[in-house]
Structures are given as structure tokens and as C-alpha cells.
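Here is the structure we will look at.
In what follows, every chain begins at residue 1, and chains take the letters A, B, ... in the order their sequences are listed. Scope of the values below: all heavy atoms of this structure, side chains included, with no hydrogens, waters or symmetry mates.
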Protein chains: 2
Amino acid sequence: MAAALRLVDERGLDGVTVEAISEAVDVSPRTFFNYFATKDDAVLGGPLPTGPSMRERLLAVPAEVALVPALLEAMSADIREVQAERDFWLRRLRVIKNNPSLLPLLVARGECAEEETIAAVAARTGLPADSLFPHLVASLVGAAFRTAMMRWATSGDTDLHDLVREAFDVLAVGLAAPAPTHEEVSK
Amino acid sequence: MAAALRLVDERGLDGVTVEAISEAVDVSPRTFFNYFATKDDAVLGGPLPTGPSMRERLLAVPAEVALVPALLEAMSADIREVQAERDFWLRRLRVIKNNPSLLPLLVARGECAEEETIAAVAARTGLPADSLFPHLVASLVGAAFRTAMMRWATSGDTDLHDLVREAFDVLAVGLAAPAPTHEEVSK
DNA sequence: TAAAAGTTTGCACGTTGTGCAACTTCGCGT
DNA sequence: ACGCGAAGTTGCACAACGTGCAAACTTTTA
């Protein structure tokens, strides 16, 4: 994975063959495909991050906390993990930005998390899991999180957790536009 | 495109080769690739729907309308178009549901609309186009729209416009959970 | 040391996707 | 009717992706 990510970062997705990647790690191409189903998998792939499921984490948040802050809380572990491997993720996100055909895969990976989020939101609100609301919330949270990540990756060194919080705040207030930047908030 | 969609609907994405599609329309496989870059393109593809740009449509909505309803208004043309070709879209969405590897492509197609939405939201709010808010709104709107579409496709015969409105309402009120279903709204 | 279990590898094959050059088709002006 | 050029279509060769199968190799275990 590391070799694949590095090579694609240097030469672009189409400039790197499976043969090149396997060669870089002294393995036969056939062995490559024993571990990754596709070339893309090697770049973005690897096993999904394990740990307590989204469902459990969300339900662990006290019930009196509103939904959006609760979701933020439930995701904070992932956020910390991403920030702990800052360089790795910056490179990975840069690669995605340069090779948009990979973005779909990132979305797909988020989808398994989405499944969990749906169940968790349904459980928390008492709504049936096949009603619109849980599905909607899950996809919105995923979109907000991705947007914050992408921004974090490009726009310098801000704290990821702050960015996600900012995005979630926008969600929580119903997409109210923030005041134009340099304007003082006069009380 | 029609042949590709039909065949993939019948046999699944992997059960249909480019050769089969081209054969079904009496063309050589080589010609197929003169029109579609990939097999997926033939299934989901075709030229993007043209018409007044999202930007223009959004700016055409009176400024006193709040952001979310304005976005709904701006998208209503697309919604009507989808509903006008109901059968086509139902089949297309069913195919996507059965072949999740296509979903990414659907997202990618939405992305060009997303570019426009970013610009439009920036213009409407007076925020710089590279600030977080417009990006966030665009991705959220896209996610809400996709979720509503998917629901429309699976969950029977409801009106698409109503579903999108419902989703946008959730967005507008900050993800407040609706009251559990059969409960009467007592005034 | 030898059998068992697990990994790596080579090989053959089908499919996707591209560049190039030849071929067909069609309209158009003379 | 003839030839001309533009546009579309096709075949061919080729690189890369991805998979099934069985042989070879390595590690573990007895």
C-alpha cells in the first residue's frame, strides 16, 4: 500500500502499472492480486479501520445531547486517528485530488460506515431504519465529513477536528450562511 | 445507451461484455469505444443534461428566499425532467442499486453540477468561492438529492419533488428528527 | 526428517481500453 | 455521372487489468 501510494503520488495513477508496484516491493504481479482485487484498492485500500462500531459509539453518547453534536462526538475517534497519521492522509488526499477517479472509491469506503450510521441514527431516534431520515442524515454526515477532510488536505495546517466541527455546525443550524469573513460580530 | 442499460439490467454488469452491447446494436466493439470511454459510461453516460446553468437558475430566485428553498427551486427543473422520464430513471437507479460499482460514477456526474452549485452559492452569499461554506452546501445538497432519488426509486410511487422537499426541509431545520410516524400532529 | 499447511509464482486466458491505418459511406460541386 | 473530401466505421495490434489453476517454494508441526 505504501509503495502504491508513493508511486501514484509521483507518477499519477495511469503512469503506474501493477507490475511497477509489485516490482517496487519485490513481489510478482500475481501475488499483488492475491492481496488487492484492483490497482485502486492498493492505493486507497487496506482493511477497514477496526474498533468499536459507529453504532456503539453513537449510542454511548448521552441521550440529551443533540443529534449533530452526538455524531461529531462519535466520529472524534476517527478524526484523531486521521490526524495521528497526518502525513499519510495528506498524501492520500492529494493523490485523490489529482486522480479524481479514485474519489468514488473513497466514497464507497465511507459507505460501510454509512450503513452503520443509518442503524445508529435509527436506534437513537426511534425511527424505523428504512425511513428517510436516517438514510439522509448518514449521507449528509458523510458528505460533510468528506468536505471537511478535503479542505483540511488542501487548505494548510488547520486542525481537522475544528473543520469538521465547523461543517457540522453549519449542518446543525440549517445551512445558515456565516457572516462574511472579516466582519466583526457586534453584540 | 438504451441497449447497455437494458442488458445490464437483465444480466448484471459483469454478465455483459462490451462485445455483447455492440452486437446488440450492430456495431463493432471498436465503434463502441469511439462513443464511450468505458463500459460504465455507456450505462450511466450520455452527454450531460444541458440547459440554463445551476448558477443562473439559483441567481434567478429572488434574494429574499432563504438558501435551502432557493436551491430546491433551482433544482426543480431537473426534478421535473427526471420524473418525465420516470421509467428510464427507475431502471437506471435499479441498475445502480444492483451494481454498486456504478454509484461512484453517478456521484462523479453530480460533481460537475456541484462545481456550479459552489459558484452559485458563493455568488448568492457573497462569500469567496474557495471558502468552506459553498463547498459544504454543494456537497450536502448533492447528498440530499441523491438520497431522495434512491428512496424514490425503491420506495414505490411517491412524488420525487415531495421527497426532495422533505429532504431539504430536514437540511433547513438542522437535522431535527421528525416525530415518529403514526403520531398525530396536535395543534 | 517428513508430512502438512500456507504462500508465492508462472501460465493461460478473457476483458477493457487505445492508437493507427485502411475502408466504407455520403454529400457536393462540376 | 464522376471524382473529391469529410465523416464515420472497422480491423489489427497492443498494453494493462484481473482470475483460475496447478506447480513450486517456504514455514510450521509432528
Rounded to whole Å, how long is the line connecting atom CZ of B:Phe36 with atom C1' of C:dG17? 15 Å
To the nearest angstrom, the CG-P distance between B:Asn34 and D:dT10 comes to 9 Å
Report yes or no: does B:Arg57 contribute a side-chain atom to a donor-acceptor pair with the main-chain N or O of B:Ser76 at less than 3.5 Å? no
Taken to the nearest whole Å, CZ/A:Phe33 to C1'/D:dG20 is 14 Å
For A:Lys39 and B:Ser28, find the nucleotide of DNA chain D closest to each by heavy atoms; which residue's nucleotide sits nearer the 5' end? B:Ser28
Quick note, A:Thr31 side chain, CB onward, closest among D:dT10, C:dT9, D:dG18 is C:dT9
Heavy atoms under 4.0 Å, any strand shown: does B:Phe32 hit a base, just sugar-phosphate, or nothing? nothing
Measuring from the side chain of B:Thr38 (C-beta onward, heavy atoms only), which nucleotide among D:dC17, D:dT9, C:dG17 has the closest atom? C:dG17
Tell me: CG of A:Asp40 to P of D:dC17, nearest whole Å? 10 Å
Are there more than 12 heavy atoms of other residues, nucleotides or ligands under 6.0 Å from atom CD of B:Glu19? no
In whole angstroms, the gap separating P of D:dT10 from CD of B:Glu19 amounts to 13 Å
If only side-chain N and O atoms of A:Tyr35 are considered, is one of them under 4.0 Å from the OP1 or OP2 phosphate oxygen of C:dT8? yes
Calculate the interatomic distance between B:Arg30 atom CZ and C:dC23 atom C1'; express it in whole Å. 14 Å
A:Arg92 side chain to A:Leu44 main-chain N or O, any donor-acceptor pair under 3.5 Å? yes
Evaluate the side-chain proximity of A:Ile79 to A:Trp152: yes if any heavy-atom separation is below 4.5 Å, no if none is. no
Please state how far atom CG in A:Asp41 lies from atom P in D:dC17, giving the value in whole angstrom units. 13 Å
